[in-house]
Number of protein chains: 2
Amino acid sequence: MSEKPTIKDVAKAAGVSEATVSRALSHSPRVKRATRQKVQEVANRLGYRPNSLARGIRVKQTHTLGMIIPDILNDYFTQLTREIEDAAGHAGYDVLIMNTDESLVKEAHALNLMLEKQVDGVIIASAGGQTDYARILGTTPAIFVDRMPPANIKTPYDRVIVDNVKATCHIVSQLLAQGATRVGIINSAVSFTATERLAGYQQALHDSGIALDSAIEVAARTDNSNVQQMTRQLLINQKCDGLFVGDNTIMEEVLRKLTELNLPHLQLGGFDDQMWFDFLPRPIVTARQPIKQLGQTVVDRLLAHLADPQLAPQEIRLDAQIITRQ
Amino acid sequence: MSEKPTIKDVAKAAGVSEATVSRALSHSPRVKRATRQKVQEVANRLGYRPNSLARGIRVKQTHTLGMIIPDILNDYFTQLTREIEDAAGHAGYDVLIMNTDESLVKEAHALNLMLEKQVDGVIIASAGGQTDYARILGTTPAIFVDRMPPANIKTPYDRVIVDNVKATCHIVSQLLAQGATRVGIINSAVSFTATERLAGYQQALHDSGIALDSAIEVAARTDNSNVQQMTRQLLINQKCDGLFVGDNTIMEEVLRKLTELNLPHLQLGGFDDQMWFDFLPRPIVTARQPIKQLGQTVVDRLLAHLADPQLAPQEIRLDAQIITRQ
DNA sequence: CAATTTTATTAAAACGGTTTACAAATTTTA
DNA sequence: TAAAATTTGTAAACCGTTTTAATAAAATTG
């Protein structure tokens with residue numbers, strides 16, 4: 001009564017063998033209708049639930065994907081997670097989510113845990129660093145999304161990502177079109193996407209025939225602790241009338257600083273779109289990532305790799321949508 | 001080479017028995033230092049990782065907790081999840097997160113899945129409805145947080161929750177203190193917390209000697225689809241100069257409507273605090289929940305129940321902090 | 001109705017670990 | 001040095017499920 005019922009208990013109670021119970025419950029055709037009904041009835045009455053650990057060990061499949069995200073508090077990643085859950089769910093897979101808080105140690109731990117739990121494949125938004133993923137993952141298929149391992153590390157994995165260069169170039173060009181003449185940038189120092197976004201910024205200036213100004217690019221690789229100071233430096237000292245902000249978390253600090261500085265005519269742009277930007281007193285130009293499509297693509301590709309381990313790795317680029325809110 | 005190494009492979013390569021490998025890797029004291037080192041070296045070289053499925057089936061413990069949240073896009077729940085992950089991690093437990101999108105069907109599915117994966121205990125923020133949790137859970141310990149099952153369903157589980165009545169009463173009183181004379185409410189129709197918050201609203205009016213106005217309370221139980229219309233009804237037709245908003249998602253709609261209606265003197269209050277409220281042109285009075293403490297308490301209590309299944313269920317109320325931003 | 005084919009069921013062998021009972025080797029004690 | 005105690009290693013049992021191969025039962029055929 002107190003112990004969880006096993007397949008053995010069901011078999012005994014229904015007066016059949018364990019094998020028959022297993023077949024009856026897994027929609028196998030090789031079982032008489034009457035038998036199946038009786039088994040189902042008994043299993044239901046006993047509150048039997050198959051132990052997926054035992055099952056997983058036997059069939060060497062868990063129908064579970066692991067997903068590693070660097071920051072569960074970041075809207076972008078929670079939205080992405082939700083879409084991936086959705087896409088995976090439709091394909092009959094469950095998703096085991098783990099958050100690394102941008103820590104390489106936690107990432108390694110999460111990865112190990114997932115492998116020990118025998119996930120069929122893993123989706124990684126990397127925390128950066130020089131991790132040798134191939135060594136950790138062994139034969140388990142994986143795919144990278146948004147955040148890639150550094151380019152100097154060769155990985156045999158798919159990569160799904162938005163075209164950061166193109167999108168950033170668009171945003172900065174839009175700021176110029178809206179009247180900005182001197183556009184600054186505040187950007188993260190480390191991540192993969194940050195590097196690309198800096199390139200996009202430089203390209204936009206180049207396209208408009210504006211020379212790069214080293215006095216402005218000092219903030220192009222900040223460490224997130226001195227964002228407010230950088231904001232002041234660019235907007236007051238350097239008299240920038242346009243500003244591109246590299247990501248979500250930096251944007252928060254910039255906005256905080258802007259409530260102090262009275263600069264109604266500043267042209268502001270940032271990468272990740274947020275619902276609440278609509279409520280701010282100042283319009284912000286942003287890139288809205290095709291999150292649904294991103295999630296669907298990631299799952300599709302990963303499942304394709306599960307089906308065919310020989311499938312050649314590939315980099316897939318999607319386009320972001322630019323939101324102007326003029 | 002291509003197959004994942006098992007404990008058998010390690011044993012063979014190290015020239016010892018499987019049991020010795022198991023002991024050596026699980027810090028059992030009963031193994032010679034030299035042997036342990038050799039085993040560790042070999043295991044490492046082979047990239048061996050114990051199969052936690054096999055282990056879980058034998059020891060009948062997975063050191064994993066399940067967590068069910070109704071909306072992964074809601075900041076409040078992602079923050080709560082993060083704290084729970086943290087607290088559980090410190091106690092040596094991992095957390096399997098599943099999102100139900102406020103759907104009872106998905107909730108039941110998630111619950112079943114977790115039980116099949118043999119989680120040691122489950123944390124539930126309920127999607128509402130008349131689910132008979134005890135029947136589904138069987139002997140697996142569980143605890144409810146924030147969202148409770150309806151009061152008419154008896155559950156033998158702990159409940160950890162913020163005092164919604166008190167906090168809402170505070171917020172509404174604060175709106176009155178800030179000069180509002182006629183305070184409306186827009187609230188969800190269904191959830192457990194919504195019911196409590198309505199009570200808090202009514203209490204505040206009662207405490208201030210203001211009679212309840214049925215023309216205002218029409219919006220007290222909305223279905224989230226006509227929030228913008230209700231907002232107009234209360235603020236224009238009913239001429240409310242104060243408004244309490246029941247939750248996060250409703251607040252979003254209200255703010256959207258407020259960008260159209262020009263009402264600079266409206267006193268606005270809502271339940272869940274958001275970081276970006278700081279950037280809005282209008283101050284909002286909110287309740288900030290003690291999320292860290294909430295998460296810690298939930299984990300502590302659940303683990304206590306794991307250790308002692310006889311522990312009596314209990315309801316724990318924590319106080320929210322009121323943020324005024326005058 | 002016997003022979004054959006088809007369909008249902010079962011017993012036993014996996015799966016990959018942990019644990020137990022026990023034997024062997026080593027050290028301590030008498 | 002023999003006996004006892006301790007340390008270390010081995011072999012077998014076990015966890016709950018699926019699957020294989022063998023068997024029993026039922027349905028079809030000649």
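Order of the sequence lines sets the chain letters (A, B, ...), proteins ahead of strands, with each chain counted from 1.
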- Count the heavy atoms belonging to other residues, nucleotides or ligands that lie under 6.0 Å from NZ of B:K292, then report whether that count exceeds 12. no
- When you measure from the side chain of A:R49 to the backbone N and O of B:I136, does any donor-acceptor pair fall under 3.5 Å? yes
- Using a cut-off of 6.0 Å, state whether more than 12 heavy atoms not belonging to A:K12 lie near its atom NZ. no
- Message: What is the distance, to the nearest angstrom, from the CG atom on A:L25 to the P atom on D:dT19?
- Response: 14 Å
- Message: Can you tell me whether the side chain of B:R23 and the base of D:dT10 have a donor-acceptor pair closer than 3.5 Å?
- Response: yes
- Query: Rounding to a whole Å, what distance do you find between A:L53:CG and C:dG17:C1'?
  - Reply: 11 Å
- Query: What distance separates A:L96 CG from B:D94 CG, expressed to the nearest 0.5 Å?
  - Reply: 8.5 Å
- Message: Using a 4.0 Å cut-off on heavy atoms, which residues in residues 33-42 of chain B reach DNA chain D? List them by number, or say none.
- Response: B:T35
- Message: Rounding to an integer number of Å, can you tell me how far A:Q118 CD sits from C:dG16 C1'?
- Response: 9 Å
- With no hydrogens and no angle check, do the side chains of B:Q40 and B:N44 hold a donor and an acceptor under 3.5 Å apart? no
- Can you tell me the distance, in whole Å, between the CG atom of B:D9 and the C1' atom of C:dG17? 13 Å
- Task: Quickly work out the B:K8 NZ to D:dT10 P distance and round it to whole Å.
- Result: 15 Å
- Lys/Arg-Asp/Glu bridge criterion (N-O < 4.0 Å) met for B:E102, B:R147: yes
- Query: Roughly how far apart are B:N51 CG and B:T6 OG1, rounded to 0.5 Å?
  - Reply: 9.5 Å
- Item | side-chain N/O B:S22 vs C:dT18 OP1/OP2, d < 4.0 Å | yes
- Verify the contact: side-chain N or O of B:T6 to OP1 or OP2 of C:dG16, cut-off strictly under 4.0 Å; return yes or no. no
- Along DNA chain C (nearest heavy atom to each residue), the more 5'-positioned of B:I57 and A:V16: A:V16
- Query: With a 3.5 Å cut-off and just heavy-atom distances, do the side chain of A:R58 and the base of D:dT17 make a donor-acceptor pair?
  - Reply: no
- Whole-Å distance, A:K117 NZ to C:dG16 P, equals 18 Å
- Task: Write down the distance between CD (B:E18) and C1' (D:dC15), rounded to a whole number of angstrom.
- Result: 15 Å
- Query: Atom NZ of B:K32 to atom C1' of D:dT6: distance rounded to whole Å?
  - Reply: 14 Å
- Task: May I ask you to evaluate whether A:K60 reaches the phosphate of C:dG16, defined as a side-chain N or O under 4.0 Å from OP1 or OP2?
- Result: yes
- Under a 3.5 Å cut-off for both distances, is C:dA30 Watson-Crick or wobble paired, and to whom? D:dT1
- Task: Indicate, with a heavy-atom threshold strictly under 4.0 Å, whether A:T20 touches base, sugar-phosphate, or nothing.
- Result: base
